[in-house]
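Because the structure is a prediction, the values reported are computed rather than measured. Numbering of ligands and ligand atoms starts at 1, following listing order.
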Amino acid sequence: MSTPADVKDCPAARHIVVIGGGIVGACCALALIKDGYRVTILEPGEPGGEQAASYGNGAFLSPASIIPMSMPGLWKKVPGYLLDPTGPFTIRWRHLLRLAPWLMRFIQAGATPAKAARTARVLSSLLGDAPTRHLALAAACGVAELIRQDGLLYVYPDRAAFESEAFAWQLRRENGIAWTELEGEQVHAFEPSLSRRYTFAVRLQSGGHCLDPGAYVQGLVRSVVAQGGALLKARAEGFNVVDGQLLGLITDQGMVPCDGAVIAAGIHSKVLASGVGDRVVLESERGYHVEIADPAVGPRIPVMPSDGKMANTLTRGGLRASGQVELASVDSPPDWARADILLHQLLKTYPGLGDEPGRLRISRWQGNRPSTPDGLPIIAQASMTPDVVHAFGHGHVGLASAPMTGQIVASLFAGRTPPIDIAPFAATRFR
Ligand SMILES: Cc1cc2nc3c(=O)[nH]c(=O)nc-3n(C[C@H](O)[C@H](O)[C@H](O)COP(=O)(O)OP(=O)(O)OC[C@H]3O[C@@H](n4cnc5c(N)ncnc54)[C@H](O)[C@@H]3O)c2cc1C
């Protein structure tokens with residue numbers, strides 16, 4: 001672990017501080033080190049620790065995760081979400097007024113099929129080759145065993161349920177995603193642990209997953225340090241910008257001199273972004289997971305049951321069910337009833353787990369998806385200075401899209417053309 005003094009005394013190349021040791025910060029740091037910068041990761045907690053969304057996510061690396069949460073007709077469902085305490089989406093009444101501006105933009109973002117199709121196209125450019133990028137990154141950082149590309153399974157009670165999502169699958173097809181369909185006995189021959197309730201499945205061969213997202217981030221950060229980068233246990237509080245040039249970061253441990261900075265602090269990025277001239281619209285879509293250690297059964301590849309709207313993944317810690325969208329303030333206490341909804345779904349989905357939760361070893365987690373209302377991240381130079389680059393707001397797809405984000409960030413510092421069109425990720429789009 002470095003101190004601000006060590007960081008200051010290091011000689012050599014342009015010094016860039018990456019604020020945040022989640023998956024996005026780790027991938028940015030690796031891409032910047034590769035370009036020859038001197039890199040420091042600033043993180044007040046453990047990299048990839050429980051405070052980070054990157055710790056407890058569903059571990060899906062899915063090129064198919066391009067369907068925005070906001071789809072045409074969503075506004076009709078909002079009253080139901082407010083009233084149903086057991087559904088996959090909930091809004092805490094108390095926070096409704098404060099969340100209203102985000103919600104209005106959220107509903108508008110997917111108001112027409114054309115808008116949803118545009119978002120899907122943009123997300124596809126970020127996610128299309130996510131499993132391949134993660135495989136390469138994991139191998140280069142000595143954690144190859146944590147990334148797999150064995151495919152993903154989306155399961156439905158029947159073909160009619162699948163067809164009720166025809167628009168979403170049409171968007172996936174239009175964006176080059178291929179799949180095979182399994183029906184009836186084929187579903188259970190492929191995945192025997194599944195409840196007989198499911199009679200239709202979509203198998204996405206190109207999908208991947210991570211076996212331990214928290215350990216993966218730690219592995220990537222270890223590699224940053226092994227390559228000469230620094231890890232500083234500190235919290236960024238602001239920027240010292242003079243005449244449009246960044247001179248240093250203000251942190252709770254003192255000033256850290258630097259020539260560039262990346263804001264990759266997940267849900268806490270909003271306040272930092274406002275310090276460099278960008279008032280962005282960002283809220284937490286709070287999510288939960290439950291994990292059953294040493295489960296009696298579990299799917300051989302990750303599964304997404306359509307009725308539970310959750311990701312079921314066998315991780316190193318056990319069978320994880322993650323999901324739920326709860327709109328409330330970041331600092332509201334967790335509502336563990338939401339994790340229990342996931343547990344209940346999990347037991348229904350895999351009958352071999354038994355129906356006595358009391359006999360299972362279960363852990364629960366709550367985290368914050370850093371979400372913009374239009375479902376797209378903010379990856380752009382700050383309005384006040386090009387020395388600060390935003391890399392946050394990845395919502396539901398931050399694990400999968402982090403390597404491409406790192407490439408974009410590195411290209412912005414180097415003055416190279418980014419690998420994909422970044423106009424949709426502008427911080428100024430909320431003005
Ligand atoms: C339930 C759930 C399921 C999900 N499932 C998936 C999935 O299957 N696939 C997928 O791709 N994505 C998934 N996601 C989304 C994904 O986890 C996030 O988009 C991603 O982890 C965001 O990464 P991040 O690095 O931006 O933020 P984080 O992981 O939250 O990291 C931010 C870091 O910044 C640090 N920090 C905060 N403030 C400061 C400061 N002032 N100074 C310095 N450091 C600071 C924090 O301590 C933290 O470590 C899921 C999320 C949730 C909640």
Ligand 1 contact on [X] by region, counting heavy-atom pairs under 4.0 Å:
X: A52; result: both
X: N57; result: both
X: S65; result: neither
X: Y288; result: backbone

Check whether [X] reaches the backbone of [Y] with its side chain - one donor and one acceptor, N or O, closer than 3.5 Å.
X: S54; Y: I23; answer: yes
X: W102; Y: S371; answer: yes
X: K115; Y: Q108; answer: yes
X: D252; Y: R235; answer: yes
X: N57; Y: A59; answer: yes
X: N240; Y: L247; answer: no

Side chain to side chain donor-acceptor pair (under 3.5 Å) test vs S383 passes for just one of H390, R279, R431, namely R431
Among all protein heavy atoms, pick the one closest to [atom] and tell me residue, atom and distance.
atom: atom 18 (C) of ligand 1; answer: G395 O, 3.6 Å
atom: atom 11 (O) of ligand 1; answer: A400 N, 2.8 Å
atom: atom 21 (O) of ligand 1; answer: S54 OG, 2.9 Å
atom: atom 27 (O) of ligand 1; answer: G266 CA, 3.5 Å
atom: atom 26 (O) of ligand 1; answer: V24 CG2, 3.5 Å
atom: atom 8 (O) of ligand 1; answer: F60 N, 3.0 Å
atom: atom 44 (N) of ligand 1; answer: P44 CD, 3.1 Å
atom: atom 47 (O) of ligand 1; answer: E43 OE2, 2.7 Å

Please identify which atoms of ligand 1 are closer than 4.0 Å to at least one heavy atom of [X].
X: L42; answer: 43 (C), 44 (N)
X: I23; answer: 21 (O), 23 (O), 25 (O)
X: G398; answer: 11 (O), 12 (N), 15 (C), 16 (C), 18 (C), 19 (O), 20 (C)
X: G58; answer: 3 (C), 4 (C), 5 (N), 6 (C), 7 (C), 8 (O)
X: V397; answer: 10 (C), 11 (O), 12 (N)
X: G22; answer: 25 (O), 29 (O), 31 (O), 33 (C)
X: L399; answer: 10 (C), 11 (O), 12 (N), 16 (C)

Indicate, with yes or no, if the rings of H134 and Y216 have centres closer together than 6.0 Å.
yes
Contacts satisfying salt bridge (charged side-chain N to carboxylate O under 4.0 Å, His left out) that involve residues 376-392 (not counting sequence neighbours) are R14-D387
Restricting to heavy atoms, the pick from H268, Q366, H396 nearest atom 38 (N) of ligand 1 would be H268
Original post:
Can you list the steps and then say if Q51 with E43 is a side chain to side chain contact (heavy atoms under 4.5 Å, CB included)?
Top reply: CA-CA 11 Å; Q51 81 290 349; E43 168 59 60; 3.2 Å; yes
Considering distance alone, does some N or O of [X] sit under 3.5 Å from an N or O of ligand 1?
X: I19; answer: no
X: A53; answer: yes
X: Q51; answer: yes
X: F392; answer: no

Establish, from distance only, whether the side-chain atoms of [X] and [Y] form a donor-acceptor pair under 3.5 Å.
X: E291; Y: T315; result: yes
X: Q324; Y: E285; result: no
X: T405; Y: Q407; result: no
X: S223; Y: Q227; result: yes

Sub-4.0 Å heavy-atom approach of H289 to ligand 1
no
**Prompt:** Hey, does the Lys NZ or Arg CZ of R203 hover above the aromatic six-ring of Y154, less than 6.0 Å from the centre and inside 45° of the axis?
**Reply:** no
